[in-house]
Amino acid sequence: MSAAQDSSRPPDNGPAGQPGPAGQPGPAAAGQSDIGAANPDELERFFEETVARDRRIEPRDWMPDAYRKTMVRQIAQHAHSEIIGMQPEGNWVTRAPSLRRKAILLAKVQDEAGHGLYLYSAAETLGADRADLTDRLITGKQKYSSIFNYPTLTFADVGVIGWLVDGAAICNQVPLCRSSYGPYARAMIRICKEESFHQRQGYELLMTMMRGTDAQREMVQDAADRWWWPSLMMFGPPDADSPNTEQSMRWRIKRHTNDDLRQRFVDMTVPQAEALGVTLPDPDLRWNQERQHYDFGQPDWAEFKRIISGNGPCNAQRVANRRAAHEAGAWVRDAAAAHAAKQARVSRRGAMPAGLRSEA
Ligand code: 3HC
């Protein structure tokens with residue numbers, strides 16, 4: 001339920017309540033409630049109760065600075081991941097083996113751009129500035145998902161990314177549809193619907209290849225060997241080494257821990273691998289009757305740390321490509337801004353009585 005629908009919510013003071021600059025509560029903090037207007041404890045209590053009752057925090061609601069900061073961090077990193085995530089598969093658009101595969105791949109890569117845009121918009125509702133977020137990405141100050149720093153060596157990688165990477169993304173993101181921040185949760189609903197198509201197209205491509213030649217089956221196995229461990233890393237470090245999980249769970253931003261989601265992904269994926277006829281490259285992978293879950297080995301966490309510090313196999317190339325695309329698009333942004341300014345001038349002049357209009 002949105003905060004606006006909640007009858008127990010203190011009255012909103014209307015247009016004054018716009019989000020403030022990143023990391024700052026907006027004027028709503030002072031004007032959200034007649035009861036709590038001057039009382040930070042009351043505002044904090046109301047925020048905590050809203051979260052505890054599984055209701056949504058909306059952009060004009062008061063929220064603790066740390067909550068706003070965490071949301072901007074997570075949403076921005078997620079948006080960056082979608083945008084950078086266009087590169088590994090985009091690499092195969094011109095080399096797709098048929099028109100059908102090319103159309104599917106183009107649509108998928110375009111969807112990722114759309115996801116990035118919804119997410120940047122969600123970050124803007126918190127007062128973040130999109131140009132600033134882009135700048136943080138292309139100067140390496142903000143992270144994006146580790147998974148997009150590996151190369152895509154064959155067309156089987158496109159299938160395996162759909163199956164494993166989009167599969168892991170769905171596992172991680174479906175619970176985020178119930179995240180406590182309204183605009184993020186709503187963006188995730190649409191994103192997850194599209195991600196499930198992405199996963200299915202990947203699996204369908206792999207099934208086709210597995211029914212093909214020995215060489216095609218070997219390509220699929222090789223791609224699965226390379227992408228399995230990086231896919232497990234997508235869920236983040238083990239809970240014991242995750243500095244943000246505890247607080248994010250308390251604020252119901254995250255609904256499950258990194259390790260819980262990783263386990264869920266493994267349990268979901270092993271039967272899919274068996275149906276495909278692919279072997280997952282983990283000698284410790286086996287069903288545990290007592291736990292009713294698969295046991296599995298740990299990814300190389302030193303490699304994960306190297307990648308999220310910017311030193312993975314493709315980090316420099318991904319960021320350089322993004323920077324080049326941003327710089328090449330400067331004229332589009334300038335043209336859009338000039339057009340918007342002209343439209344604003346025209347509509348101001350239209351609103352003015354004729355005798356007061358300047359001829360300039
Ligand atoms: N890659 C890069 N950085 C990662 C990471 C990963 N796989 N996992 C964790 N990190 C970073 C965190 O951002 C955090 O960095 P910071 O504190 O410097 O900002 C640090 O490592 C510690 O990790 P935590 O577990 O404490 O961090 P979180 O509580 O934020 O959990 C997360 C990490 C599970 C990735 C969580 O942020 C999340 O669920 N984010 C939303 C989903 C998302 O961003 N997915 C990215 C993939 S997008 C995608 O898959 C597109 C699709 O089309 C395939």
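Both ligands and their constituent atoms are indexed starting at 1 by order of listing.
- Side chains of Asp300 and Trp229: no donor on one and acceptor on the other come within 3.5 Å.
- Sequence neighbours left out, not one pair with a member in residues 122-152 passes ring pair (Phe, Tyr, Trp, His ring centres under 6.0 Å).
- Heavy atoms of Met234 found under 4.0 angstrom from ligand 1 belong to the backbone as well as the side chain.
- The option from Gln173, Glu195, Gln247 that lies nearest to atom 45 (N) of ligand 1, judged by heavy atoms, is Gln173.
- Those atoms of ligand 1 with a heavy atom of Ala169 less than 4.0 angstrom away are 50 (O), 54 (C).
- Every atom of ligand 1 is numbered from 1 in the order shown, and the set under 4.0 Å from a heavy atom of Ser242 is 24 (P), 25 (O), 26 (O).
- The salt bridge (charged side-chain N to carboxylate O under 4.0 Å, His left out) analysis of residues 208-225, with sequence neighbours excluded, yields the pairs Asp214-Arg217, Asp222-Arg226.
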Verify salt bridge (charged side-chain N to carboxylate O under 4.0 Å, His left out) between Arg186 and Glu58, making sure each step is shown before the conclusion. CA-CA 11 Å; Arg186 288 189 289 274; Glu58 295 297 339; 2.9 Å; yes

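- Within the cation-pi definition used here (under 6.0 Å to the ring centroid, within 45° of the axis), Arg200 qualifies as a partner of Phe197.
- Heavy-atom neighbours of Glu49 CD from other residues, nucleotides or ligands within 6.0 Å: above the threshold of 12.
- The closest heavy-atom contact to atom 19 (O) of ligand 1, among the options Lys143, Glu246, His198, Gln77, comes from Gln77.
- Interface of Lys254 with ligand 1, defined as ligand atoms under 4.0 Å from a residue heavy atom, comprises 25 (O), 28 (P), 29 (O), 31 (O).
- One finds no salt bridge joining Arg45 and Asp41 here, because no Lys/Arg side-chain nitrogen approaches an Asp/Glu carboxylate oxygen to under 4.0 Å.
- At a 4.0 Å heavy-atom cut-off, ligand 1 does not touch Leu261 at all.
- A tilted orientation is assigned to the rings of Tyr120 and His80, their planes being inclined by 30° to 60°.
- For the residue pair Asp267 and His293, a side-chain donor N or O sits within less than 3.5 Å of a side-chain acceptor on the partner.
- Given atom 8 (N) of ligand 1, the protein heavy atom at minimum distance is Gly236 CA, 3.1 Å.
- Using a 30° and 60° split on the angle between ring planes, Phe304 and Trp301 fall in the perpendicular class, above 60°.
- Contacts between Asn172 and ligand 1, counted as non-hydrogen atom pairs separated by less than 4.0 Å, involve the side chain only.
- Looking at ligand 1, you won't find any N or O of His115 less than 3.5 Å from one of its N or O atoms.
- Under a 4.0 Å heavy-atom criterion, Leu176 is in contact with ligand 1.
- A salt bridge does not link Asp65 to Lys69: none of the charged nitrogens lies less than 4.0 Å from a carboxylate oxygen.
- Of all the heavy atoms of Asn258, the ones lying under 4.0 Å from any atom of ligand 1 belong exclusively to the side chain.
- In the vicinity of Ser81, heavy-atom distances shorter than 4.0 Å reach the ligand 1 atoms 46 (C), 47 (C), 48 (S).
- For atom 47 (C) of ligand 1, the closest heavy atom belonging to the protein is Ser145 CB, 3.7 Å.
- The aromatic rings of Tyr184 and His78 stand perpendicular to each other, their planes meeting at an angle above 60°, with 30° marking the opposite boundary.
- In summary, the atoms of ligand 1 found under 4.0 Å from a heavy atom of Glu82, numbered by their order in the structure, are 51 (C), 52 (C), 53 (O).
- For ligand 1 and Phe235, the ligand atoms under 4.0 Å from any heavy atom of the residue are 34 (C).
- Side chain of Asp239 to backbone of Thr257: no donor-acceptor contact under 3.5 angstrom is found.
- For atom 14 (C) of ligand 1, a protein heavy-atom neighbour is present inside the 4.0 Å cut-off.
- No more than 12 heavy atoms of other residues, nucleotides or ligands shown are found within 6.0 angstrom of CZ on Arg190.
- The part of Ile308 lying near ligand 1 is the side chain, judged by heavy-atom distances below 4.0 Å.
- Ligand 1 has no atom lying under 4.0 Å from any heavy atom of Ser248.
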Check the pair Asp54 / Arg255 against salt bridge (charged side-chain N to carboxylate O under 4.0 Å, His left out), numbers first and verdict last. CA-CA 11 Å; Asp54 254 341; Arg255 310 300 302 231; 3.1 Å; yes

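- Considering both main-chain and side-chain atoms, Pro243 comes within under 3.5 Å of ligand 1 through a nitrogen or oxygen pair.
- Of all atoms in ligand 1, numbered sequentially from 1 with element shown, those under 4.0 Å from a heavy atom of Glu112 are 52 (C), 53 (O).
- At a heavy-atom distance under 4.0 Å, only backbone atoms of Tyr144 (N, CA, C or O) approach ligand 1.
- Nearest to atom 10 (N) of ligand 1 among the protein's heavy atoms is Phe304 CZ, 4.2 Å.
- Nearest to atom 27 (O) of ligand 1 by heavy atom, out of Asp166, Asn244, Ile191, is Asn244.
- The shortest N or O to N or O distance between Met233 and ligand 1 is under 3.5 Å.
- Heavy-atom proximity to Tyr184, at under 4.0 Å, picks out these atoms of ligand 1: 41 (C).
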